[in-house]
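Working notes, beginning with the structure itself.
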Amino acid sequence: MKQSNLDFVDKKFRELGITLPKQELEFATKQIVLHGQAIGLKKSKSSDDTLARLVDTDTKEINEDIWNIIFNTNERVKIKDFESLGWGSNIKDFIMTRQNHLIQNQGEEEYSIGRSNDVSRYLRALNECVLKTPRLQENTYFTKQIIQAIVKKIFKIELDQSDLNRAVKDRNFLRYFFNSETYLTSNKLFWIVFDVVYTFSNFNEINYSDWERVLSRYDRISSDEYFVERCKKINGDIVAKHSRDFFNGTNLNDYITIYRGFLVKPNRYVRKGIKKLNNPNAHIQDEGKGFSYTLDKEQAVRFASRYHFKTDLNYRKNLPTIFGSLSSRKSVKKLQREYKKVLGYHYNNNYLNEDVRRCYGTYRVKKKHIITFDVLGAESEVFVDPNNVELIRYDFINDEQDINSAIWNAEKEPIVYEQGQKCMYDLVKNNDYHFNLETLFEELNLEQIKEFYLPTSLQNKLIERSAV
């Protein structure tokens, strides 16, 4: 470990009045060196060129100039709202928020039957509105933006904000959705609501049976419906065209290679039947299955490392000066409480165990079995019924692979990027994408949904945008 990095970290902690013992200093420095390689600054908002990384990926040296820019320390360069990125405002905050990918809990609301009833009422009204309003049945991205903004407002997901950590203000929203999805009889509305809810929900395999139930209702996954048709309902014709074109050269019965990251609970086996050889069920996944897959292997590795209990626990054990000096048993209990608070009432206690392992699988699926996919997603996500997927192999993940996936995520564009850029160009050229549209809905009173009555000022703004 470089002495210059140790000196830097020691100095920054001492500036806060904290002196770390040698072993803790080495652990903290190691974490900054690992995670800092995935953090860099661009020369400008419009530039793809990186100014520098917090930690150079070749020399592994901490760049103090970039550190000072990030944390606004004696620098003229100020970055608006930098603390909200989840990096904190100083070295202690940075270390505490680097613990794996555990979301720092917000002061969200308690689950409420009254709130659940309100969500059901709003969705029922919006469903009626979509069914009787021709404009809201159009397959355009503009329509999706309007409906999406209302749906976000219903679920208290912050408008014009795509970051899961900051956008979700009430983590009970998924529970409210499961309570009210029966009112979504409009197939178009269901898929737009689904797109919002699934995107902002977390660790969806713990709700696997709920998603199965939701998707089986009202023939929502018709066996003869190609994913492009659902993409039209969600994102409009232009996005559907580009998403279809991404798979040009393949037929409906051709296999697509996909990946999935997941956690393996203690004493559980990934394959049905455990072994691969002489096992007719070796292609069936038994542990860690879910609906979310990706075309990018490194994305799968990254997702496999979320909420890995042992990684988070190691931070507490190795940094008692910061997290508090607790016995091993008390550290485990405290972290278990944090997980349950963040991930909800339905979180499986078997994941809250030091023996849980990180894993990613490699699969193949016929193109005709893809449920939803679009080229605008940064995660190259493919939504597929796991019953139609064949497991080829699975690999367990170590810390180095986890960090390398984060570096990859910071440096590489997703596999869908080029087609996604073409798609965005066509959306803007055809006036089917409107920047900052969601901010117009801040003034919307949800009680006005039933008649789709919008404040006059909002109506005028939407008409102006659609007429451009």
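Every value quoted in this text rests on a predicted model; they were computed, and no experiment measured them.
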Centre-to-centre under 6.0 Å for [X] and [Y], is that the case here?
| X | Y | result |
| --- | --- | --- |
| Phe373 | Phe247 | yes |
| Phe303 | Phe262 | no |
| Tyr198 | Phe383 | yes |
| Phe309 | Tyr307 | no |
| Phe142 | Tyr433 | no |

[X] bridged to [Y] by N-O distance under 4.0 Å:
| X | Y | result |
| --- | --- | --- |
| Glu61 | Arg53 | no |
| Arg271 | Asp286 | no |
| Lys422 | Asp245 | no |
| Glu298 | Arg302 | no |
| Lys317 | Glu354 | yes |
| Asp395 | Arg393 | yes |
| Lys153 | Glu438 | no |
| Arg358 | Asp399 | yes |
| Asp355 | Lys310 | no |
| Glu158 | Lys152 | no |
| Arg213 | Asp210 | yes |

Residue pair Asp385 / His369, side-chain donor-acceptor N/O under 3.5 Å: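 Their side chains do not contain a donor-acceptor pair, so the 3.5 Å distance test is not met.
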With Lys30 via side-chain hydrogen bond (donor to acceptor under 3.5 Å, both in side chains) - residues at least two apart: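 For Lys30, no residue satisfies side-chain hydrogen bond (donor to acceptor under 3.5 Å, both in side chains) once neighbours in sequence are set aside.
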side-chain hydrogen bond (donor to acceptor under 3.5 Å, both in side chains) against Ser405, all qualifying residues, sequence neighbours excluded: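 Scan of Ser405 (side-chain hydrogen bond (donor to acceptor under 3.5 Å, both in side chains), adjacent residues dropped) gives none.
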Check for a donor-acceptor pair, side chain of [X] on one end and backbone N or O of [Y] on the other, with a separation under 3.5 Å.
| X | Y | value |
| --- | --- | --- |
| Asn398 | Glu400 | yes |
| Glu287 | Lys265 | yes |
| Thr143 | Asn139 | no |

Evaluation steps, side chain to side chain donor-acceptor pair (under 3.5 Å), between Glu381 and Ser292: CA-CA 7 Å; Glu381 184 177 19; Ser292 291; 2.9 Å; yes
4.5 Å side-chain heavy-atom contact, Met96 and Ile322: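 Result yes, sub-4.5 Å side-chain heavy-atom pair found.
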Side chains of Tyr394 and Thr362 in contact at under 4.5 Å (non-hydrogen atoms):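 With C-beta onward as the side chain, the pair stays apart.
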Pair Tyr315-Phe27, ring-ring contact (aromatic ring centres under 6.0 Å, His included): steps then yes or no: CA-CA 9 Å; Tyr315 270 80; Phe27 181 83; 5.5 Å; yes
Ring geometry between Trp211 and Phe178 (parallel below 30°, tilted from 30 to 60°, perpendicular above 60°):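 Plane angle over 60°, so perpendicular.
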Side chain to side chain donor-acceptor pair (under 3.5 Å) assessment of Tyr208 paired with Glu212: CA-CA 6 Å; Tyr208 179 76; Glu212 274 194 318; 3.2 Å; yes
